[in-house]
Amino acid sequence: MNSEPAETAQRVGIAPDELLRLVKASMRAIEVNRERINALNVFPVPDGDTGTNMFLTMRSINGEMDSAPRENLSLTTARMARAALLGARGNSGLILAQFFKGLAEALRDGYEVSGQGFANGMRRTSEIAYSVVPNPREGTMLTVFRECADAAEQALHDSPGFESVLAVTADRALDTTKRTPEMLDVLQEAGVVDSGGYGFTIMLFGALQALRGEGDGGVVILPPEVNGQVHTAGTPVREEFLDAVQEEIWGYCTVFALEGQNLDLPDIRLRLSTMGRSSVVAGDDTLVKIHVHLEDPGKALTFACSLGSISNIDIKNMDEQTKEWADDRRRDANAETPPEMIPLAVVAVAAGEGMRQLFLNAGLGACSVVTGGDSMNPSVRELVDAVEQAPSENVLLLPNNKNVVGTAKEASGLTSKNVRVVPTVSMQHGISAILAMLPDSDLDVNAEAMAAAVEEVSDGAVFRATRDVSIGGVDIVEGLYTGLMEGEVKACGEELPEVLIETVGSGACEGELITLYRGGGVEESRANDIAGILQESIPGIEVEQVYGGQPHYEFLFSIE
Amino acid sequence: MRIAVVTDSTADIPPQLAASYGIRVVPLNVRFGLDAYLDGVTMKAEEFYQRLEQAEEFPTTSQPSVVSFVETYKELGADHDAVLSLHLSSKLSATHTAAVQARDELGGEGPRVEVVDTLQASMALGWAAIGVAEAVQAGASVDDALEVARDISARARFLGLVETLEYLYKGGRIGKASLYLGSLLRLKPMLELKDGIVHPLDRARSKNKGIDKIKGIIARDAPLSHLAIMYTTEPQLAEEVAADTRRYVTTGEVTVARQGPVVGTYLGPGMLGAGYVKARE
C-alpha cells in the first residue's frame with residue numbers, strides 16, 4: 001500500500017462553519033441577481049417578487065444562524081431548516097425552504113457535508129417539495145430539484161467529492177431551468193424561464209464559487225435564452241399577456257406559520273387547496289408554514305386559528321403587485337428594445353381613442369395605429385414609417401377611409417417590406433377585417449380573408465351637420481342629425497335616437513348583429529339608453545355598444 | 001392474441017358506442033370544492049353543466065390515479081394478452097403519465113401494455129380508440145394496432161367554437177389561444193387542438209357565423225372517414241350541424257356526442273365543435 005488516500009485534488013467534505021459560509025454565498029448570489037429573478041416571475045402569479053422572496057428567506061436563515069451555536073452538522077442543518085420554514089416568504093421562498101429541510105433530513109447523522117450527503121439531500125428535497133404542493137406542475141422549481149437530485153446521484157459515480165458533485169448539479173440546474181418553457185406554457189407565452197428554478201440555479205453557482213475559494217458568491221448569471229432572447233426587466237412582454245394579468249383577480253398572497261399539537265398535514269393541505277390557489281403547506285405535526293393565494297385571507301387565518309396559534313403573518317395584495325408589475329413592463333416596453341419580429345403585422349389608420357384601442361386590442365398582438373381619417377388624412381410618409389416600424393416583414397395595411405385607400409396603395413410601393421392593402425373604407429370595416437385575421441396563415445390568405453369579411457358587413461354613421469350641406473343630392477340643414485347607410489342619406493331629424501333607429505332600420509333586415517361605436521361627444525349613459533331603445537325597436541338582432549371616441553360622428557355602426 | 005383497448009373519459013365516446021366496441025374507459029376526476037367525482041360515472045354531463053353555471057368556485061380536474069390504471073390493466077389481463085391504452089394529449093393532462101407509471105408498476109407481470117399519447121382530446125381521441133378496436137376485431141397484431149392508433153391520431157382533428165375563453169384561461173389550458181385574450185368586442189373564439197395544445201383558429205362576431213365557419217372547415221377537410229359533432233349544452237344545435245355535415249362523411253354517418261365534465265370544465269357552456277378523422281388520401 002503505497003498510494004495516498006483520497007484527500008488530494010478534491011476536498012471530500014465540509015464542516016458546519018464551512019456549510020454556513022456556502023449558504024451565505026448562495027444568499028449573496030441571490031442578492032446580486034435579485035432583479036433578474038424578479039423580472040422572470042410570471043408563474044403562478046406574475047408579481048415580480050420571486051427574487052425578493054428568495055432573498056428574504058435566505059436572509060432569515062443567516063440572521064438566525066449568526067447567533068446560533070454550530071456544535072455539529074445535524075443541529076446546524078436542523079436549525080437552518082426551521083429558520084427557512086419560519087422565515088419563508090412567498091411561494092418560491094416556501095419551496096426553497098424544502099431544500100434546507102431535505103438537507104437536514106439527509107445530514108441528520110453526518111459530521112460533514114459530502115458528495116453523497118448532498119446527493120441524498122437533493123433527493124429528499126425533491127421528494128418533500130413535490131409533496132407540499134397539492135398540484136405539482138412541471139417546469140417549476142420542483143422540476144429543477146428533481147433533476148438536480150438525478151444529476152447529483154449520477155455525479156457520485158464519476159467523482160464522489162462534494163465539489164465535483166455540486167458543480168455537476170449546478171450545471172444541470174441551469175440546463176433544466178433552460179428547458180422550463182417547454183414544460184410550462186405560461187413561461188413560453190411570456191418568453192421567460194422559471195424564476196424560482198433560475199434562482200435556485202444561481203444559489204448553487206454562488207455556493208460553488210465560494211467552495212472553490214473564488215469569491216463570496218456574488219456571481220452574475222444571466223437567465224437562459226427563450227426564443228433566442230434573454231429576458232430582462234427591459235424585455236417587452238406581449239400586451240395581451242399584460243392585459244390578461246391585470247384582468248385576473250389574484251387576491252392576497254397569504255403566508256403564515258401555524259404552531260400546534262398533532263397537526264394533520266394532509267388535511268390542512270386539502271382544506272387550503274380548496275380554499276385558494278397556489279397553496280403550499282410544509283412542516284411537521286407541530287409547526288406548519290402555509291402559503292396560499294385567496295381573495296379573503298381571513299378564511300385561511302380563521303381556519304388555522306382553530307388548529308393552533310399563528311405567527312409570522314405576511315399578507316400581500318397581489319392585484320396591486322401584478323398591476324405594478326404589468327405597468328412597469330409596459331413602461332419598459334415603451335422605453336427601450338425593439339419589439340420581437342412576428343410573422344404578420346397590421347397597420348391601421350384610425351381616429352378616436354376608443355377606436356385606437358379596439359384596433360390595438362383586436363388580438364394577435366400585431367397591430368399599430370396611425371392617427372387619421374376624415375379631414376386629417378395621414379401622409380404617405382406617415383404610413384411608410386408605420387410600415388417600416390411594424391414588427392414584421394409582412395404587413396397588412398388598413399386605410400379605413402375611402403380617402404386614404406390611395407395613400408395606402410402608394411405607401412405600399414415605397415417600402416421593401418411585403419405589404420398588402422385591404423381597401424377598407426371605414427373604421428367599422430377595418431374592425432371586421434382585423435378580427436378576420438388568421439394567426440397561422442400567410443399574408444395573401446389573410447388579405448383575402450379580411451377582404452371577404454368586409455364584404456359581409458354594412459357600415460353607417462350618424463352625425464350632426466355643422467353647416468348646410470348636400471350629400472348625394474339630399475340637402476341637409478345645419479344642426480340636424482343625419483344618418484348615413486353605406487354612404488347614402490337615410491334619415492334626418494332633430495332627435496338622435498330616432499335618426500339612428502331609422503338609419504339602422506334601413507339596412508338591418510339582413511343582419512344579426514349591430515355594433516355601435518359611440519363618438520367622443522356622447523356620454524356612456526346616453527349611449528346605453530340609445531342602444532337599449534335600438535335593441536327594443538329591432539327585435540331579434542343583437543346590439544353591442546362600445547366606445548369609439550371618434551370625432552365628427554355621434555355614432556358609427558356596422559351591421560353584419 | 002387477445003387485445004383489449006383502453007382510453008380515458010376525455011375521449012367523450014358516447015357510452016353505448018364505447019360498449020359496442022368493448023372499449024374500457026378510465027374516468028378522470030372532477031372536483032367542485034371538496035366534492036370529488038368520477039368523470040361521466042359519478043358526475044354525468046347533465047348535472048355537471050347545471051352546477052358549472054351555478055358554482056361559485058371553478059371546478060378542478062385531475063388525471064386518474066395510477067392505481068386505477070393498474071387495476072384496469074390487471075383486470076383486463078385476466079382474459080387478454082395485451083392492452084392498448086390510448087390517451088389525452090400529454091401536454092394537457094398527466095393522464096398519459098399515470099398510465100405509463102401504471103404500466104411500469106406492473107413490472108412485467110400481467111398483460112403487455114402499450115400506452116399511446118395521441119396528442120388529441122375528445123372524439124378525435126375517441127375515433128382513434130374506436131379505429132384501434134375495429135382493427136383488433138379484424139385480427140390486427142399489437143404492432144399493427146399501434147400503427148393504426150398513430151395513423152388515426154395524425155389524421156384526426158378536434159376544433160370548436162366557445163362562448164368564452166374564461167374556462168380555458170382559468171383552467172390553465174389556454175395555450176396559444178392566449179393571442180385571443182383582451183379583445184374589447186364580444187367575440188366567439190374558435191380553437192383547435194394542434195400538436196397537443198390549444199391553438200387559435202379564427203373568431204366570429206356571432207354564434208351563427210362561427211357555426212358557418214366550422215361547417216366550412218369541415219367541408220374543406222372532407223372527405224372524412226369519421227365525424228362527431230360535439231356540444232356541451234345545446235344538443236339541438238349539434239343535431240342541426242350534424243344534419244348539414246352528413247354529406248362530408250364517406251359513410252354518411254355523423255355521431256352527436258356531448259363533452260363530458262372534464263373536457264367541459266375547460267370549454268364551458270354553449271360550446272359547439274367537431275372531432276373528426278380525414279379520410280386516407
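Throughout, a chain's letter reflects where its sequence line sits, starting with A, and its residues are numbered from 1. A quick note: this is a predicted structure, and the numbers were derived from the prediction, not measured. Worth knowing before you read on, the calculation uses all heavy atoms, side chains too, and leaves out hydrogens, waters and symmetry mates.
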- prompt: Is A/Glu512 paired with B/Arg205 through a side-chain N to carboxylate O contact shorter than 4.0 Å?
  reply: no
field: Electrostatic pair B/Asp195:B/Lys91 at N-O distance under 4.0 angstrom
entry: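 Result for this pair is no, no salt bridge flagged.
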query: For the salt bridge (Lys or Arg N to Asp or Glu O under 4.0 Å) test, which of B/Lys188, B/Lys209, B/Lys213 pairs with B/Asp202?
result: B/Lys213
- request: Could you tell me which portion of A/Leu435 (side chain, backbone, both or neither) has an atom closer than 4.5 angstrom to a non-hydrogen atom of chain B?
  value: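 Both backbone and side chain.
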- prompt: Can you say whether A/Gln357 sits under 4.5 Å from chain B via the side chain, the backbone, both, or neither, judging by heavy atoms?
  reply: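 Contact with chain B is through both the backbone and side chain of A/Gln357.
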message: Under 4.5 Å from any heavy atom of chain A, what part of B/Arg31 do you find: side chain, backbone, both or neither?
response: side chain
- line: Cut-off 4.5 Å, heavy atoms of chain A, and the answer for B/Leu201 is backbone
task: State whether B/Phe69 and B/Arg103 meet the cation-pi test: NZ (Lys) or CZ (Arg) under 6.0 Å from the six-membered ring centroid, and within 45° of the perpendicular axis.
output: no
- prompt: Can B/Arg155 and B/Tyr276 be counted as having a side-chain donor-acceptor contact under 3.5 angstrom?
  reply: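 Judged by distance alone, the side chains do not pair up.
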query: What residue in B/Gly33, B/Gly172, B/Gly175 has the most heavy-atom pairs under 4.5 Å with chain A?
result: B/Gly175
